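Throughout, protein chains are lettered first and strands after them, A, B, ... in sequence-line order, and every chain is numbered starting at 1. From a predicted model like this one, the values you see are computed outputs, not experimental measurements.
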2 protein chains.
Amino acid sequence: MEQENTPFERAFRQVGPVSIGTQLYRHLREAIIRGELSPGQALSEAEISKKYSVSRQPVREAFIKLAEERLVTVLPQRGTFVVKISVADVLDARFVREVIEVAVVQEAAMHVLPEKIKALRDIIAAQARVPHGQNEQFLELDEAFHRELAYSVGRAHAWRVIEGIKAQMDRVRYLSLDDATPITHLIEQHSRIVDGIEAGDPVAAADAMRTHLREIISSLPGIAEQNPETFEQ
Amino acid sequence: MEQENTPFERAFRQVGPVSIGTQLYRHLREAIIRGELSPGQALSEAEISKKYSVSRQPVREAFIKLAEERLVTVLPQRGTFVVKISVADVLDARFVREVIEVAVVQEAAMHVLPEKIKALRDIIAAQARVPHGQNEQFLELDEAFHRELAYSVGRAHAWRVIEGIKAQMDRVRYLSLDDATPITHLIEQHSRIVDGIEAGDPVAAADAMRTHLREIISSLPGIAEQNPETFEQ
DNA sequence: AAAAGCAAACTGGTATGGTACAATAGTGTT
DNA sequence: AACACTATTGTACCATACCAGTTTGCTTTT
(Lines give C-alpha, C1' and ligand atoms only; values in the text may rest on other atoms or scores of the structure.)
Protein backbone atom coordinates (compact mmCIF):
# COMPACT_ATOMS: atom_id res chain seq x y z
CA MET A 1 0.00 0.00 0.00
CA GLU A 2 1.41 3.37 -0.88
CA GLN A 3 -0.15 5.67 1.68
CA GLU A 4 0.20 5.45 5.42
CA ASN A 5 -2.15 6.96 7.92
CA THR A 6 -1.69 7.97 11.49
CA PRO A 7 -3.67 6.22 14.22
CA PHE A 8 -6.78 7.98 15.53
CA GLU A 9 -7.19 9.57 12.14
CA ARG A 10 -9.19 7.28 9.96
CA ALA A 11 -8.24 7.12 6.34
CA PHE A 12 -11.79 6.41 5.20
CA ARG A 13 -15.16 7.62 6.34
CA GLN A 14 -18.50 7.36 4.66
CA VAL A 15 -18.83 10.40 2.44
CA GLY A 16 -22.03 10.97 0.58
CA PRO A 17 -23.45 7.79 -0.91
CA VAL A 18 -20.07 6.09 -1.17
CA SER A 19 -19.69 3.61 1.67
CA ILE A 20 -16.40 2.82 3.37
CA GLY A 21 -16.60 -0.71 2.02
CA THR A 22 -16.83 0.58 -1.53
CA GLN A 23 -13.93 3.00 -1.01
CA LEU A 24 -11.81 0.19 0.41
CA TYR A 25 -12.74 -2.04 -2.51
CA ARG A 26 -11.62 0.56 -5.05
CA HIS A 27 -8.43 1.28 -3.13
CA LEU A 28 -7.42 -2.35 -2.74
CA ARG A 29 -8.39 -3.12 -6.33
CA GLU A 30 -6.04 -0.45 -7.65
CA ALA A 31 -3.29 -1.60 -5.31
CA ILE A 32 -3.55 -5.17 -6.55
CA ILE A 33 -3.66 -4.21 -10.22
CA ARG A 34 -0.63 -1.96 -9.80
CA GLY A 35 1.23 -4.71 -8.03
CA GLU A 36 1.58 -2.78 -4.79
CA LEU A 37 0.12 -5.82 -3.13
CA SER A 38 2.14 -8.86 -4.10
CA PRO A 39 0.46 -11.90 -5.64
CA GLY A 40 0.24 -14.64 -3.03
CA GLN A 41 0.35 -12.15 -0.18
CA ALA A 42 -2.00 -12.76 2.74
CA LEU A 43 -4.49 -10.03 3.58
CA SER A 44 -6.37 -10.63 6.81
CA GLU A 45 -9.51 -8.70 7.61
CA ALA A 46 -8.10 -7.69 10.97
CA GLU A 47 -4.85 -6.45 9.47
CA ILE A 48 -6.51 -4.24 6.86
CA SER A 49 -9.11 -2.93 9.30
CA LYS A 50 -6.38 -1.95 11.74
CA LYS A 51 -4.32 -0.30 9.02
CA TYR A 52 -7.16 1.96 7.91
CA SER A 53 -8.78 2.35 11.33
CA VAL A 54 -12.11 0.92 10.32
CA SER A 55 -13.97 -2.14 11.51
CA ARG A 56 -13.69 -5.55 9.93
CA GLN A 57 -17.14 -5.26 8.42
CA PRO A 58 -16.39 -2.93 5.48
CA VAL A 59 -13.07 -4.71 4.89
CA ARG A 60 -14.95 -7.96 4.63
CA GLU A 61 -17.33 -6.48 2.06
CA ALA A 62 -14.42 -5.21 0.01
CA PHE A 63 -12.91 -8.70 0.08
CA ILE A 64 -16.15 -10.21 -1.19
CA LYS A 65 -16.19 -7.88 -4.20
CA LEU A 66 -12.51 -8.50 -4.90
CA ALA A 67 -13.14 -12.25 -4.71
CA GLU A 68 -15.98 -11.91 -7.24
CA GLU A 69 -13.47 -10.24 -9.55
CA ARG A 70 -10.91 -13.01 -8.96
CA LEU A 71 -8.39 -10.58 -7.52
CA VAL A 72 -8.29 -12.34 -4.16
CA THR A 73 -9.32 -15.78 -2.97
CA VAL A 74 -10.98 -16.26 0.39
CA LEU A 75 -10.24 -19.52 2.16
CA PRO A 76 -12.62 -19.84 5.14
CA GLN A 77 -10.87 -19.96 8.50
CA ARG A 78 -7.54 -19.87 6.71
CA GLY A 79 -7.01 -16.52 5.09
CA THR A 80 -7.50 -14.19 2.15
CA PHE A 81 -4.78 -14.04 -0.48
CA VAL A 82 -3.94 -11.90 -3.48
CA VAL A 83 -4.30 -14.30 -6.41
CA LYS A 84 -1.25 -15.02 -8.47
CA ILE A 85 -1.44 -14.25 -12.15
CA SER A 86 -2.09 -17.26 -14.36
CA VAL A 87 -0.74 -17.18 -17.90
CA ALA A 88 -3.55 -19.43 -19.08
CA ASP A 89 -6.18 -17.24 -17.47
CA VAL A 90 -4.77 -14.07 -19.01
CA LEU A 91 -4.75 -15.68 -22.44
CA ASP A 92 -8.30 -16.91 -21.95
CA ALA A 93 -9.41 -13.47 -20.79
CA ARG A 94 -7.74 -11.84 -23.80
CA PHE A 95 -9.64 -14.19 -26.09
CA VAL A 96 -12.97 -13.07 -24.64
CA ARG A 97 -12.00 -9.43 -24.68
CA GLU A 98 -10.87 -9.64 -28.29
CA VAL A 99 -14.09 -11.08 -29.64
CA ILE A 100 -16.12 -8.47 -27.75
CA GLU A 101 -14.06 -5.46 -28.74
CA VAL A 102 -13.73 -6.60 -32.33
CA ALA A 103 -17.51 -6.85 -32.53
CA VAL A 104 -17.86 -3.43 -30.92
CA VAL A 105 -15.44 -1.80 -33.33
CA GLN A 106 -17.18 -3.43 -36.28
CA GLU A 107 -20.48 -1.97 -35.13
CA ALA A 108 -18.83 1.40 -34.71
CA ALA A 109 -17.43 1.29 -38.24
CA MET A 110 -20.90 0.74 -39.58
CA HIS A 111 -22.89 3.38 -37.77
CA VAL A 112 -21.07 5.68 -35.38
CA LEU A 113 -21.73 9.40 -35.05
CA PRO A 114 -19.07 11.94 -36.10
CA GLU A 115 -19.11 13.53 -32.64
CA LYS A 116 -18.12 10.21 -31.10
CA ILE A 117 -15.19 9.95 -33.49
CA LYS A 118 -14.05 13.37 -32.37
CA ALA A 119 -14.25 12.28 -28.73
CA LEU A 120 -12.03 9.29 -29.51
CA ARG A 121 -9.54 11.49 -31.37
CA ASP A 122 -9.44 13.85 -28.38
CA ILE A 123 -8.52 11.00 -26.06
CA ILE A 124 -5.74 9.91 -28.40
CA ALA A 125 -4.46 13.47 -28.54
CA ALA A 126 -4.44 13.62 -24.75
CA GLN A 127 -2.44 10.42 -24.67
CA ALA A 128 0.14 11.97 -26.98
CA ARG A 129 0.56 14.83 -24.50
CA VAL A 130 1.28 12.54 -21.55
CA PRO A 131 4.87 13.17 -20.36
CA HIS A 132 7.30 10.32 -20.70
CA GLY A 133 7.24 8.07 -17.68
CA GLN A 134 3.71 8.98 -16.56
CA ASN A 135 2.54 5.48 -17.30
CA GLU A 136 -0.38 5.50 -14.91
CA GLN A 137 -1.85 8.55 -16.58
CA PHE A 138 -1.44 6.88 -19.93
CA LEU A 139 -3.22 3.74 -18.76
CA GLU A 140 -6.11 5.82 -17.45
CA LEU A 141 -6.54 7.39 -20.87
CA ASP A 142 -6.21 3.97 -22.46
CA GLU A 143 -9.13 2.83 -20.33
CA ALA A 144 -11.08 5.96 -21.29
CA PHE A 145 -10.50 5.18 -24.97
CA HIS A 146 -11.87 1.65 -24.77
CA ARG A 147 -14.78 2.77 -22.59
CA GLU A 148 -15.73 5.57 -24.97
CA LEU A 149 -15.53 3.14 -27.86
CA ALA A 150 -18.05 0.76 -26.30
CA TYR A 151 -20.35 3.58 -25.22
CA SER A 152 -20.22 5.14 -28.70
CA VAL A 153 -22.32 2.24 -29.96
CA GLY A 154 -24.41 1.96 -26.81
CA ARG A 155 -22.76 -1.21 -25.55
CA ALA A 156 -22.66 -0.47 -21.82
CA HIS A 157 -22.90 -4.15 -20.94
CA ALA A 158 -20.00 -4.95 -23.23
CA TRP A 159 -17.88 -2.39 -21.41
CA ARG A 160 -18.83 -3.86 -18.06
CA VAL A 161 -17.46 -7.21 -19.15
CA ILE A 162 -14.37 -5.68 -20.72
CA GLU A 163 -13.67 -3.72 -17.54
CA GLY A 164 -13.34 -6.88 -15.50
CA ILE A 165 -11.11 -8.55 -18.06
CA LYS A 166 -9.01 -5.43 -18.44
CA ALA A 167 -8.13 -5.59 -14.74
CA GLN A 168 -6.51 -8.98 -15.23
CA MET A 169 -4.60 -7.82 -18.30
CA ASP A 170 -3.51 -4.57 -16.66
CA ARG A 171 -1.83 -6.53 -13.88
CA VAL A 172 0.53 -7.83 -16.53
CA ARG A 173 0.96 -4.39 -18.07
CA TYR A 174 2.04 -2.87 -14.77
CA LEU A 175 4.62 -5.61 -14.46
CA SER A 176 6.02 -4.70 -17.86
CA LEU A 177 5.70 -0.96 -17.93
CA ASP A 178 9.25 -0.33 -19.07
CA ASP A 179 10.11 -3.09 -21.45
CA ALA A 180 6.64 -3.18 -22.94
CA THR A 181 5.69 -1.80 -26.32
CA PRO A 182 6.57 1.90 -26.55
CA ILE A 183 3.69 4.25 -25.80
CA THR A 184 3.96 5.95 -29.16
CA HIS A 185 3.36 2.60 -30.78
CA LEU A 186 0.18 2.05 -28.79
CA ILE A 187 -1.08 5.52 -29.64
CA GLU A 188 -0.51 4.76 -33.30
CA GLN A 189 -2.58 1.60 -32.95
CA HIS A 190 -5.42 3.54 -31.36
CA SER A 191 -5.32 5.93 -34.28
CA ARG A 192 -5.55 3.12 -36.79
CA ILE A 193 -8.62 1.76 -35.02
CA VAL A 194 -10.36 5.11 -35.29
CA ASP A 195 -9.18 5.42 -38.90
CA GLY A 196 -10.99 2.19 -39.71
CA ILE A 197 -14.13 3.38 -37.95
CA GLU A 198 -14.10 6.76 -39.68
CA ALA A 199 -13.57 5.12 -43.06
CA GLY A 200 -16.57 2.90 -42.40
CA ASP A 201 -14.34 -0.11 -42.92
CA PRO A 202 -15.29 -2.83 -40.38
CA VAL A 203 -12.57 -5.19 -41.58
CA ALA A 204 -9.77 -2.68 -41.21
CA ALA A 205 -11.07 -1.52 -37.83
CA ALA A 206 -11.34 -5.10 -36.58
CA ASP A 207 -7.84 -5.94 -37.76
CA ALA A 208 -6.45 -2.87 -36.03
CA MET A 209 -8.18 -3.85 -32.77
CA ARG A 210 -6.92 -7.42 -32.96
CA THR A 211 -3.37 -6.25 -33.55
CA HIS A 212 -3.65 -3.84 -30.64
CA LEU A 213 -4.96 -6.36 -28.12
CA ARG A 214 -2.47 -9.04 -29.09
CA GLU A 215 0.44 -6.65 -28.80
CA ILE A 216 -0.65 -5.59 -25.33
CA ILE A 217 0.17 -9.02 -23.96
CA SER A 218 3.00 -9.82 -26.35
CA SER A 219 5.43 -9.51 -23.48
CA LEU A 220 3.52 -12.00 -21.33
CA PRO A 221 5.83 -15.02 -21.75
CA GLY A 222 8.94 -13.00 -20.94
CA ILE A 223 7.28 -11.35 -17.95
CA ALA A 224 6.20 -14.71 -16.60
CA GLU A 225 9.77 -15.96 -16.90
CA GLN A 226 11.20 -12.94 -15.09
CA ASN A 227 8.67 -12.96 -12.24
CA PRO A 228 8.10 -16.60 -11.33
CA GLU A 229 6.89 -15.68 -7.84
CA THR A 230 3.99 -13.59 -9.09
CA PHE A 231 2.70 -16.23 -11.49
CA GLU A 232 0.89 -19.42 -10.75
CA GLN A 233 2.77 -22.73 -10.79
CA MET B 1 -40.06 -17.81 -2.21
CA GLU B 2 -41.20 -21.38 -2.57
CA GLN B 3 -40.21 -22.96 0.71
CA GLU B 4 -41.38 -21.94 4.15
CA ASN B 5 -39.60 -22.76 7.36
CA THR B 6 -40.81 -23.03 10.90
CA PRO B 7 -39.42 -20.69 13.56
CA PHE B 8 -36.67 -22.05 15.80
CA GLU B 9 -35.60 -24.27 12.97
CA ARG B 10 -33.21 -22.38 10.77
CA ALA B 11 -33.40 -23.02 7.08
CA PHE B 12 -29.70 -22.42 6.57
CA ARG B 13 -26.64 -23.20 8.58
CA GLN B 14 -22.99 -23.19 7.65
CA VAL B 15 -22.26 -26.65 6.28
CA GLY B 16 -18.71 -27.49 5.32
CA PRO B 17 -17.03 -24.65 3.49
CA VAL B 18 -20.32 -23.19 2.21
CA SER B 19 -21.27 -20.19 4.30
CA ILE B 20 -24.83 -19.12 5.04
CA GLY B 21 -24.26 -15.99 3.02
CA THR B 22 -23.30 -18.03 -0.04
CA GLN B 23 -26.29 -20.33 0.37
CA LEU B 24 -28.58 -17.35 0.67
CA TYR B 25 -27.03 -15.80 -2.42
CA ARG B 26 -27.65 -18.92 -4.49
CA HIS B 27 -31.17 -19.28 -3.16
CA LEU B 28 -32.17 -15.68 -3.81
CA ARG B 29 -30.47 -15.71 -7.20
CA GLU B 30 -32.56 -18.65 -8.35
CA ALA B 31 -35.70 -17.08 -6.92
CA ILE B 32 -35.11 -13.86 -8.84
CA ILE B 33 -34.28 -15.60 -12.12
CA ARG B 34 -37.37 -17.78 -11.83
CA GLY B 35 -39.50 -14.75 -11.14
CA GLU B 36 -40.54 -15.95 -7.69
CA LEU B 37 -39.37 -12.56 -6.47
CA SER B 38 -41.10 -9.87 -8.47
CA PRO B 39 -39.06 -7.20 -10.26
CA GLY B 40 -39.32 -3.95 -8.34
CA GLN B 41 -40.07 -5.75 -5.08
CA ALA B 42 -38.34 -4.46 -1.95
CA LEU B 43 -36.11 -6.87 -0.03
CA SER B 44 -34.90 -5.54 3.31
CA GLU B 45 -32.07 -7.16 5.21
CA ALA B 46 -34.24 -7.48 8.30
CA GLU B 47 -37.11 -9.06 6.41
CA ILE B 48 -35.02 -11.76 4.74
CA SER B 49 -33.01 -12.46 7.89
CA LYS B 50 -36.22 -12.95 9.85
CA LYS B 51 -37.70 -15.18 7.16
CA TYR B 52 -34.76 -17.57 7.20
CA SER B 53 -33.91 -17.19 10.90
CA VAL B 54 -30.40 -15.93 10.31
CA SER B 55 -28.75 -12.65 11.19
CA ARG B 56 -28.66 -9.64 8.91
CA GLN B 57 -24.95 -10.11 8.22
CA PRO B 58 -25.10 -13.05 5.76
CA VAL B 59 -28.17 -11.52 4.14
CA ARG B 60 -26.22 -8.37 3.55
CA GLU B 61 -23.40 -10.32 1.92
CA ALA B 62 -25.85 -12.11 -0.34
CA PHE B 63 -27.27 -8.72 -1.37
CA ILE B 64 -23.79 -7.48 -2.26
CA LYS B 65 -23.19 -10.41 -4.58
CA LEU B 66 -26.62 -10.04 -6.14
CA ALA B 67 -25.95 -6.35 -6.69
CA GLU B 68 -22.65 -7.18 -8.45
CA GLU B 69 -24.66 -9.36 -10.80
CA ARG B 70 -27.22 -6.60 -11.35
CA LEU B 71 -30.05 -8.70 -9.98
CA VAL B 72 -30.79 -6.24 -7.18
CA THR B 73 -29.97 -2.59 -6.62
CA VAL B 74 -29.01 -1.35 -3.19
CA LEU B 75 -30.03 2.21 -2.37
CA PRO B 76 -28.26 3.29 0.83
CA GLN B 77 -30.63 4.06 3.69
CA ARG B 78 -33.55 3.46 1.33
CA GLY B 79 -33.80 -0.20 0.48
CA THR B 80 -32.79 -3.08 -1.74
CA PHE B 81 -34.94 -3.86 -4.73
CA VAL B 82 -35.18 -6.62 -7.31
CA VAL B 83 -34.20 -4.92 -10.55
CA LYS B 84 -36.75 -4.74 -13.30
CA ILE B 85 -35.82 -6.30 -16.60
CA SER B 86 -34.67 -3.82 -19.23
CA VAL B 87 -35.27 -4.69 -22.86
CA ALA B 88 -32.23 -2.68 -23.92
CA ASP B 89 -30.03 -4.43 -21.35
CA VAL B 90 -31.17 -7.87 -22.43
CA LEU B 91 -30.46 -7.06 -26.07
CA ASP B 92 -27.05 -5.67 -25.12
CA ALA B 93 -26.28 -8.76 -23.06
CA ARG B 94 -27.34 -11.04 -25.90
CA PHE B 95 -24.96 -9.19 -28.22
CA VAL B 96 -22.03 -9.91 -25.92
CA ARG B 97 -23.06 -13.50 -25.38
CA GLU B 98 -23.43 -14.08 -29.10
CA VAL B 99 -19.97 -12.90 -30.05
CA ILE B 100 -18.42 -15.00 -27.28
CA GLU B 101 -20.31 -18.20 -27.97
CA VAL B 102 -19.88 -17.86 -31.74
CA ALA B 103 -16.15 -17.58 -31.21
CA VAL B 104 -16.20 -20.57 -28.86
CA VAL B 105 -18.11 -22.72 -31.30
CA GLN B 106 -15.78 -21.74 -34.13
CA GLU B 107 -12.82 -22.85 -32.05
CA ALA B 108 -14.60 -26.07 -31.25
CA ALA B 109 -15.26 -26.75 -34.94
CA MET B 110 -11.57 -26.43 -35.65
CA HIS B 111 -10.09 -28.59 -32.95
CA VAL B 112 -12.38 -30.36 -30.53
CA LEU B 113 -11.91 -33.90 -29.30
CA PRO B 114 -14.36 -36.67 -30.27
CA GLU B 115 -15.04 -37.48 -26.64
CA LYS B 116 -16.24 -33.92 -26.07
CA ILE B 117 -18.63 -34.25 -28.99
CA LYS B 118 -20.05 -37.36 -27.43
CA ALA B 119 -20.56 -35.52 -24.13
CA LEU B 120 -22.50 -32.82 -25.96
CA ARG B 121 -24.61 -35.41 -27.77
CA ASP B 122 -25.37 -37.06 -24.43
CA ILE B 123 -26.67 -33.80 -23.00
CA ILE B 124 -28.90 -33.30 -26.03
CA ALA B 125 -30.20 -36.85 -25.66
CA ALA B 126 -30.98 -36.17 -22.02
CA GLN B 127 -32.90 -33.05 -23.03
CA ALA B 128 -34.98 -35.13 -25.42
CA ARG B 129 -35.94 -37.39 -22.52
CA VAL B 130 -37.21 -34.54 -20.34
CA PRO B 131 -40.97 -34.98 -19.79
CA HIS B 132 -43.23 -32.31 -21.22
CA GLY B 133 -43.74 -29.47 -18.77
CA GLN B 134 -40.51 -30.05 -16.83
CA ASN B 135 -39.14 -26.76 -18.05
CA GLU B 136 -36.76 -26.20 -15.17
CA GLN B 137 -35.05 -29.51 -15.80
CA PHE B 138 -34.73 -28.62 -19.46
CA LEU B 139 -33.16 -25.26 -18.66
CA GLU B 140 -30.64 -26.96 -16.37
CA LEU B 141 -29.57 -29.21 -19.21
CA ASP B 142 -29.48 -26.21 -21.53
CA GLU B 143 -27.02 -24.59 -19.16
CA ALA B 144 -25.00 -27.80 -19.02
CA PHE B 145 -24.81 -27.84 -22.80
CA HIS B 146 -23.42 -24.34 -23.10
CA ARG B 147 -21.03 -24.89 -20.19
CA GLU B 148 -19.69 -28.12 -21.67
CA LEU B 149 -19.25 -26.37 -25.00
CA ALA B 150 -17.05 -23.66 -23.51
CA TYR B 151 -15.08 -26.13 -21.41
CA SER B 152 -14.54 -28.39 -24.42
CA VAL B 153 -12.17 -25.79 -25.83
CA GLY B 154 -10.75 -24.79 -22.46
CA ARG B 155 -12.55 -21.46 -22.27
CA ALA B 156 -13.41 -21.39 -18.57
CA HIS B 157 -13.25 -17.62 -18.47
CA ALA B 158 -15.61 -17.37 -21.41
CA TRP B 159 -18.13 -19.53 -19.57
CA ARG B 160 -17.84 -17.36 -16.47
CA VAL B 161 -18.89 -14.32 -18.51
CA ILE B 162 -21.62 -16.24 -20.29
CA GLU B 163 -22.99 -17.48 -16.97
CA GLY B 164 -23.65 -13.95 -15.77
CA ILE B 165 -25.28 -12.93 -19.03
CA LYS B 166 -27.33 -16.09 -19.14
CA ALA B 167 -28.94 -15.15 -15.83
CA GLN B 168 -30.36 -11.99 -17.36
CA MET B 169 -31.63 -13.83 -20.42
CA ASP B 170 -33.10 -16.66 -18.38
CA ARG B 171 -35.26 -14.19 -16.49
CA VAL B 172 -37.02 -13.56 -19.79
CA ARG B 173 -37.19 -17.25 -20.60
CA TYR B 174 -38.94 -18.04 -17.33
CA LEU B 175 -41.48 -15.37 -18.16
CA SER B 176 -42.18 -17.01 -21.50
CA LEU B 177 -41.94 -20.69 -20.69
CA ASP B 178 -45.22 -21.62 -22.32
CA ASP B 179 -45.53 -19.47 -25.40
CA ALA B 180 -41.83 -19.64 -26.15
CA THR B 181 -40.25 -21.68 -28.88
CA PRO B 182 -41.15 -25.38 -28.48
CA ILE B 183 -38.53 -27.42 -26.68
CA THR B 184 -38.15 -29.83 -29.58
CA HIS B 185 -37.15 -26.89 -31.74
CA LEU B 186 -34.44 -25.85 -29.30
CA ILE B 187 -33.10 -29.39 -29.10
CA GLU B 188 -32.91 -29.45 -32.88
CA GLN B 189 -30.87 -26.24 -32.81
CA HIS B 190 -28.45 -27.73 -30.30
CA SER B 191 -28.04 -30.71 -32.59
CA ARG B 192 -27.25 -28.50 -35.56
CA ILE B 193 -24.56 -26.71 -33.52
CA VAL B 194 -22.86 -30.03 -32.73
CA ASP B 195 -23.31 -31.12 -36.35
CA GLY B 196 -21.30 -28.10 -37.46
CA ILE B 197 -18.61 -28.81 -34.88
CA GLU B 198 -18.37 -32.48 -35.79
CA ALA B 199 -18.16 -31.64 -39.50
CA GLY B 200 -15.30 -29.26 -38.75
CA ASP B 201 -17.30 -26.46 -40.35
CA PRO B 202 -16.84 -23.25 -38.31
CA VAL B 203 -19.20 -21.25 -40.52
CA ALA B 204 -22.07 -23.70 -40.17
CA ALA B 205 -21.52 -24.07 -36.43
CA ALA B 206 -21.41 -20.30 -35.97
CA ASP B 207 -24.59 -19.80 -37.98
CA ALA B 208 -26.37 -22.44 -35.92
CA MET B 209 -25.30 -20.75 -32.69
CA ARG B 210 -26.42 -17.33 -33.90
CA THR B 211 -29.81 -18.69 -34.92
CA HIS B 212 -30.17 -20.40 -31.56
CA LEU B 213 -29.33 -17.38 -29.43
CA ARG B 214 -31.51 -15.03 -31.42
CA GLU B 215 -34.48 -17.35 -31.21
CA ILE B 216 -34.13 -17.60 -27.45
CA ILE B 217 -35.13 -13.98 -27.06
CA SER B 218 -37.40 -13.78 -30.08
CA SER B 219 -40.37 -13.53 -27.76
CA LEU B 220 -38.87 -10.58 -25.87
CA PRO B 221 -40.99 -7.77 -27.39
CA GLY B 222 -44.22 -9.65 -26.81
CA ILE B 223 -43.27 -10.57 -23.26
CA ALA B 224 -42.38 -6.98 -22.49
CA GLU B 225 -45.81 -5.91 -23.76
CA GLN B 226 -47.63 -8.50 -21.68
CA ASN B 227 -45.73 -7.79 -18.44
CA PRO B 228 -45.27 -4.02 -18.24
CA GLU B 229 -44.80 -4.14 -14.47
CA THR B 230 -41.77 -6.40 -14.64
CA PHE B 231 -39.96 -4.31 -17.23
CA GLU B 232 -38.28 -0.98 -16.86
CA GLN B 233 -40.04 2.19 -18.01
C1' DA C 1 16.41 -36.83 18.29
C1' DA C 2 12.02 -37.54 16.44
C1' DA C 3 7.28 -37.75 16.83
C1' DA C 4 2.96 -37.18 19.01
C1' DG C 5 -0.10 -34.20 21.60
C1' DC C 6 -1.78 -30.04 23.22
C1' DA C 7 -2.54 -25.17 23.86
C1' DA C 8 -2.41 -20.68 22.20
C1' DA C 9 -2.86 -17.50 18.45
C1' DC C 10 -4.50 -16.81 14.36
C1' DT C 11 -8.32 -16.98 10.44
C1' DG C 12 -13.02 -15.94 8.36
C1' DG C 13 -18.20 -16.51 9.61
C1' DT C 14 -22.10 -15.05 12.38
C1' DA C 15 -25.00 -12.36 15.62
C1' DT C 16 -26.37 -8.07 17.43
C1' DG C 17 -26.41 -3.21 18.95
C1' DG C 18 -26.09 1.38 17.51
C1' DT C 19 -25.87 5.24 13.95
C1' DA C 20 -27.13 8.37 10.12
C1' DC C 21 -30.12 9.15 6.74
C1' DA C 22 -34.63 8.86 4.04
C1' DA C 23 -39.42 8.44 3.80
C1' DT C 24 -43.80 8.92 5.84
C1' DA C 25 -47.57 9.76 8.77
C1' DG C 26 -49.35 12.98 11.69
C1' DT C 27 -49.94 17.55 13.72
C1' DG C 28 -50.23 22.28 13.80
C1' DT C 29 -50.32 26.62 11.26
C1' DT C 30 -51.75 29.80 7.88
C1' DA D 1 -58.16 23.40 2.44
C1' DA D 2 -53.33 23.64 1.64
C1' DC D 3 -48.94 23.87 3.51
C1' DA D 4 -45.08 23.74 6.83
C1' DC D 5 -43.19 21.28 10.50
C1' DT D 6 -42.30 17.37 13.59
C1' DA D 7 -41.98 12.81 15.24
C1' DT D 8 -41.95 8.12 14.10
C1' DT D 9 -40.66 4.35 11.41
C1' DG D 10 -37.72 1.89 8.39
C1' DT D 11 -33.55 1.43 5.74
C1' DA D 12 -28.62 0.22 4.87
C1' DC D 13 -24.17 0.97 7.07
C1' DC D 14 -20.77 0.46 10.68
C1' DA D 15 -18.74 -1.35 15.01
C1' DT D 16 -18.08 -4.96 18.20
C1' DA D 17 -18.33 -9.43 20.48
C1' DC D 18 -18.49 -14.17 19.99
C1' DC D 19 -17.98 -18.59 17.49
C1' DA D 20 -15.79 -22.41 15.08
C1' DG D 21 -12.45 -24.11 12.40
C1' DT D 22 -7.13 -23.85 11.10
C1' DT D 23 -2.55 -23.25 11.80
C1' DT D 24 1.50 -22.82 14.58
C1' DG D 25 4.69 -23.68 17.97
C1' DC D 26 5.81 -25.52 22.18
C1' DT D 27 5.69 -29.31 25.29
C1' DT D 28 5.66 -33.94 26.35
C1' DT D 29 6.38 -38.55 25.25
C1' DT D 30 8.66 -42.33 23.07
So which one's nearest nucleotide on DNA chain D is more toward 5', A:Gly21 or A:Arg78?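 This one resolves to A:Gly21.
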Calculate the interatomic distance between [X] atom [atom1] and [N] atom [atom2]; express it in whole Å.
X	N	atom1	atom2	result
B:Ile48	D:dT11	CD1	P	11 Å
B:Phe81	D:dA12	CZ	C1'	11 Å
B:Arg56	C:dA15	CZ	P	11 Å
B:Lys50	C:dT16	NZ	P	14 Å
B:Gln57	C:dT16	CD	P	12 Å
B:Ile20	D:dA20	CD1	C1'	12 Å
B:Leu24	C:dG13	CG	P	14 Å
A:Leu75	D:dG21	CG	C1'	13 Å

Does this structure show an ion pair linking B:Arg34 with B:Asp170, if we count only N-O contacts that are shorter than 4.0 Å?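 B:Asp170 and B:Arg34: not salt-bridged.
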With heavy atoms under 4.0 Å as the rule, sort B:Ser49 into base, sugar-phosphate or nothing.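 No contact at all - B:Ser49 keeps every heavy atom at 4.0 Å or more from the nucleic acid.
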Determine whether a donor-acceptor pair (one donor, one acceptor, N or O, separation below 3.5 Å) exists between the side chain of A:Gln77 and the base of C:dG12.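 Indeed there is one.
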Check the phosphate of D:dT16 against A:Ser55, side-chain N and O only, distance under 4.0 Å to OP1 or OP2. Yes or no?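 No, outside the criterion.
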Short side-chain N/O contact to D:dT11 OP1/OP2 from B:Thr80, under 4.0 Å: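 Answer is no, no contact under 4.0 Å.
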Check ring-ring contact (aromatic ring centres under 6.0 Å, His included) between B:His190 and all other residues, then give those that pass, not counting sequence neighbours.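 B:His190: ring-ring contact (aromatic ring centres under 6.0 Å, His included) contacts with B:Phe145, B:His146, B:His212.
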Distance only, no hydrogens: is a donor on one side chain within 3.5 Å (strictly under) of an acceptor on the other, for B:Glu69 and B:Tyr25?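 A pair is found: one side chain offers a donor N or O, the other an acceptor, under 3.5 Å apart.
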Can you see whether A:Gln127 engages A:Gln137 through a side-chain donor-acceptor pair at a distance of less than 3.5 angstrom?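 Side chains of A:Gln127 and A:Gln137: no pair found under 3.5 Å.
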Below 6.0 angstrom between ring centroids: does that apply to B:Phe95 and A:His157?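 Distance test on ring centres: not under 6.0 Å, no.
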Quick check on contacts: within residues 60-72 of chain A, what sits under 4.0 Å from DNA chain D by heavy-atom distance?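 Hits under 4.0 Å, by residue number: none.
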Tell me whether B:Arg70 at atom CZ has more than 12 heavy atoms from other residues, nucleotides or ligands lying less than 6.0 Å away.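 Counting neighbours around CZ of B:Arg70, 12 or fewer heavy atoms of other residues, nucleotides or ligands fall under 6.0 Å, so no.
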Looking only at heavy atoms, what is the nearest atom pair of A:Leu91 and B:Arg155, with distance?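 Looking at all heavy atoms of both residues, the closest pair is O-NH1, 4.1 Å.
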Among D:dC14, D:dA15, D:dA12, find the nucleotide with the atom closest to the side chain of A:Val54.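 Nearest nucleotide to the side chain: D:dA15.
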